Amino acid sequence: MSIYRDALRNRRLFGVAAIAAIGGFLFGYDTGVIGGALLFMKKDLGLHSHGQQQLTVAILLLGAVAGALIAGWSADLISRRRTKIISGCVYVIGAVGCALAHSYWQILAGRFWLGLAVGCASFVGPMYIAELVPPRIRGGLVSFNQLMITLGILAAYIVDWGFAPFANNWRWMFALGVVPGAALAIGMFFMPFSPRWLVEKGREDDARVVLERYRLEGDDIDGEIHEIKDVAEKEIGLRGLLAKGLRRMLLVGIGLAVFQQIVGINTVIYYAPTILKFAGQQNTGALTQSVYIGCTNVFFTIVAIALLDKLGRRFFLVAGTSVLTVALVGLGIFFASSGVQHSVSWLALACLLVYIMGFAVGLGPVFWLMISEIFPLQMRGPAMAVCTMFNWGFNFLISYTFLTLTDAITKEGAFWLYAFFGICAVVFFLTLTPETKDRSLEEIQGELGAETDAPLSRAA
Ligand code: BGC
């Protein structure tokens with residue numbers, strides 16, 4: 001893996017990778033921790049209706065949409081670095097607030113506040129890293145970020161399982177989020193400003209100092225500063241994204257963002273223990289089995305990172321999403337056969353494991369990777385922001401409606417609906433999504449019909 005060879009040649013790059021790890025890890029931890037916490041806080045906070053439980057889970061996602069929006073603006077105004085320091089502090093306050101909540105409204109406020117930091121981390125984190133590390137290892141770090149998200153989810157499941165037997169357990173589950181939050185704020189304090197931000201603020205000399213420390217021997221630093229200035233001048237704003245030649249790319253990016261969510265991934269991530277309880281498990285059994293789901297997610301994300309450059313993105317999108325669709329159909333059959341459910345309760349866990357495997361090799365890493373590959377440099381920032389917001393928005397929609405949906409169209413109906421979206425996703429990948437492996441960005445953008453007013457510069 002050349003990314004690690006390059007990082008070894010310049011050890012400072014490890015520092016950047018570590019910060020990436022903390023941002024992605026927090027994203028995963030805070031989205032994953034609610035699954036187990038919900039089982040216990042329901043009683044303490046009197047969250048009796050499905051509506052109250054769903055909003056407690058999903059309000060974080062609304063906060064994340066707002067967080068991504070605010071972060072996009074503040075990352076330009078006060079810098080990526082300071083935005084990340086603030087987001088670490090926001091995390092710490094949110095974790096303490098959730099741990100101390102005594103009413104439904106307090107937990108809603110706390111979760112929304114945490115969401116602001118999660119949205120910020122999901123957007124500014126990869127952006128900061130992409131601007132600081134040498135261009136050729138950018139792609140690797142984007143997938144590395146996904147690995148850290150899955151590790152954060154796994155850590156949350158382990159914490160949920162570990163604290164389950166104790167009193168006030170759900171408060172501790174939230175409180176532990178203070179540790180990575182503080183680590184992010186303190187870690188970022190020692191990181192440099194992004195060279196791209198420095199150039200935009202007219203601080204070219206400072207940018208050069210940063211680049212000299214974070215580039216490898218033989219890298220063309222003057223060329224890079226020149227390119228940053230060139231691209232900054234031609235950058236297109238949000239309205240420019242709708243220009244004719246760019247629509248198809250945006251369609252692919254938004255399509256991937258929406259499909260990543262509507263196949264129901266976060267009903268599994270957030271409600272795994274609840275689904276396993278539906279299938280007849282007790283609280284502790286459900287939490288133990290969630291840990292298996294978390295481990296499978298991490299393991300197959302590593303497999304994907306190792307093989308994505310060999311077998312291609314489309315292969316994994318199509319194969320992974322087909323596998324998860326079959327698993328969804330299986331889950332539906334399980335819930336539909338009410339008479340025999342108890343004798344085959346292992347089947348629910350088996351389907352969830354196969355589902356998560358399909359997601360972890362396909363839509364999980366490939367969405368984040370592809371949105372960093374398909375857009376020309378001049379529109380990458382705003383286009384990635386739009387795709388990220390669609391992703392959080394549809395995440396909200398699906399998580400917010402899951403329990404109501406199971407009431408309205410039954411559990412099997414809900415999983416079959418997600419399976420139907422899985423089939424639509426596969427058709428979308430086969431017909432509209434380009435292969436990006438081993439191809440220059442110009443080739444990819446050419447296939448997607450790019451014809452901007454400004455010529456597309458050579459993107460890294
Ligand atoms: C998705 C998250 C999801 C996670 C699961 C990420 O790529 O954006 O919504 O919770 O994968 O591993």
Side-chain angles (χ1 to χ4, degrees), residues 20-21 23-36 57-58 60-65 67-68 114-115 118-123 125-126 141-157 253-273 275 290-305 308 313 316-317 320-321 324 327 352-372 384-385 387-400 402 418 421 425:
F25 187 89
L26 277 172
F27 171 176
Y29 185 84
D30 264 311
T31 56
V33 80
I34 189 69
V57 171
L60 178 133
L61 310 169
L62 279 189
V65 176
L114 272 183
V118 170
C120 175
S122 71
F123 176 59
L141 278 179
V142 176
S143 308
F144 188 59
N145 197 52
Q146 171 69 13
L147 178 63
M148 290 305 143
I149 296 174
T150 61
L151 280 173
I153 294 172
L154 176 61
Y157 285 167
I254 292 176
L256 286 168
V258 173
F259 281 123
Q260 197 204 40
Q261 295 301 328
I262 65 176
V263 294
I265 177 61
N266 286 310
T267 63
V268 174
I269 298 292
Y270 306 156
Y271 293 103
I275 298 175
S290 302
V291 174
Y292 302 155
I293 295 177
C295 290
T296 309
N297 197 10
V298 172
F299 179 77
F300 282 97
T301 303
I302 297 174
V303 171
I305 293 176
L308 267 169
R313 284 66 161 144
F316 278 113
L317 276 178
T321 310
L324 72 80
L352 286 175
L353 292 178
V354 172
Y355 174 91
I356 209 77
M357 175 185 96
F359 181 85
V361 296
L363 270 167
V366 178
F367 159 63
W368 296 105
L369 181 57
M370 270 206 165
I371 61 167
S372 72
M384 282 182 72
C387 295
T388 305
M389 278 164 59
F390 265 89
N391 191 259
W392 284 113
F394 274 81
N395 188 344
F396 172 77
L397 199 76
I398 297 293
S399 317
Y400 185 58
F402 175 59
Y418 300 146
F421 293 144

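When a ligand or atom number is given, it counts from 1 through the structure's own listing order. Worth saying up front: this structure is predicted, and the values here are computed from it rather than measured.
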Can you measure from OG (Ser122) to CG (Leu26) and round to the nearest 0.5 angstrom?
11.5 Å

Against Leu61, only a single residue in Ile398, Asn391, Val118, Asn395 fulfils side chain to side chain contact (heavy atoms under 4.5 Å, CB included); can you say which?
Asn395

I'd like to check Thr296 versus Tyr355 (side-chain heavy atoms, cut-off strictly below 4.5 Å). Are they in contact?
no

If the test is side chain to side chain contact (heavy atoms under 4.5 Å, CB included), which one of Thr301, Thr150, Val298, Ile293 qualifies with Ile356?
Ile293

Could you tell me how the ring of Phe27 sits relative to the ring of Trp392: parallel (under 30°), tilted (30 to 60°) or perpendicular (over 60°)?
tilted

For ligand 1, which of its N or O atoms have a protein N or O partner closer than 3.5 Å, and how long is each gap?
| unit_1 | atom_1 | unit_2 | atom_2 | d |
| --- | --- | --- | --- | --- |
| ligand 1 | 7 (O) | Gln146 | OE1 | 2.8 |
| ligand 1 | 7 (O) | Gln146 | NE2 | 3.3 |
| ligand 1 | 7 (O) | Gln260 | NE2 | 2.9 |
| ligand 1 | 7 (O) | Gly364 | O | 3.4 |
| ligand 1 | 7 (O) | Trp368 | NE1 | 3.0 |
| ligand 1 | 8 (O) | Gln260 | OE1 | 3.0 |
| ligand 1 | 8 (O) | Trp368 | NE1 | 3.3 |
| ligand 1 | 9 (O) | Gln261 | NE2 | 3.0 |
| ligand 1 | 9 (O) | Asn266 | ND2 | 2.8 |
| ligand 1 | 10 (O) | Asn266 | OD1 | 2.6 |
| ligand 1 | 11 (O) | Gln146 | NE2 | 3.3 |
| ligand 1 | 12 (O) | Asn297 | ND2 | 3.1 |

Over 60° means perpendicular and under 30° means parallel, so classify the ring planes of Phe394 and Phe390, tilted if in between.
parallel

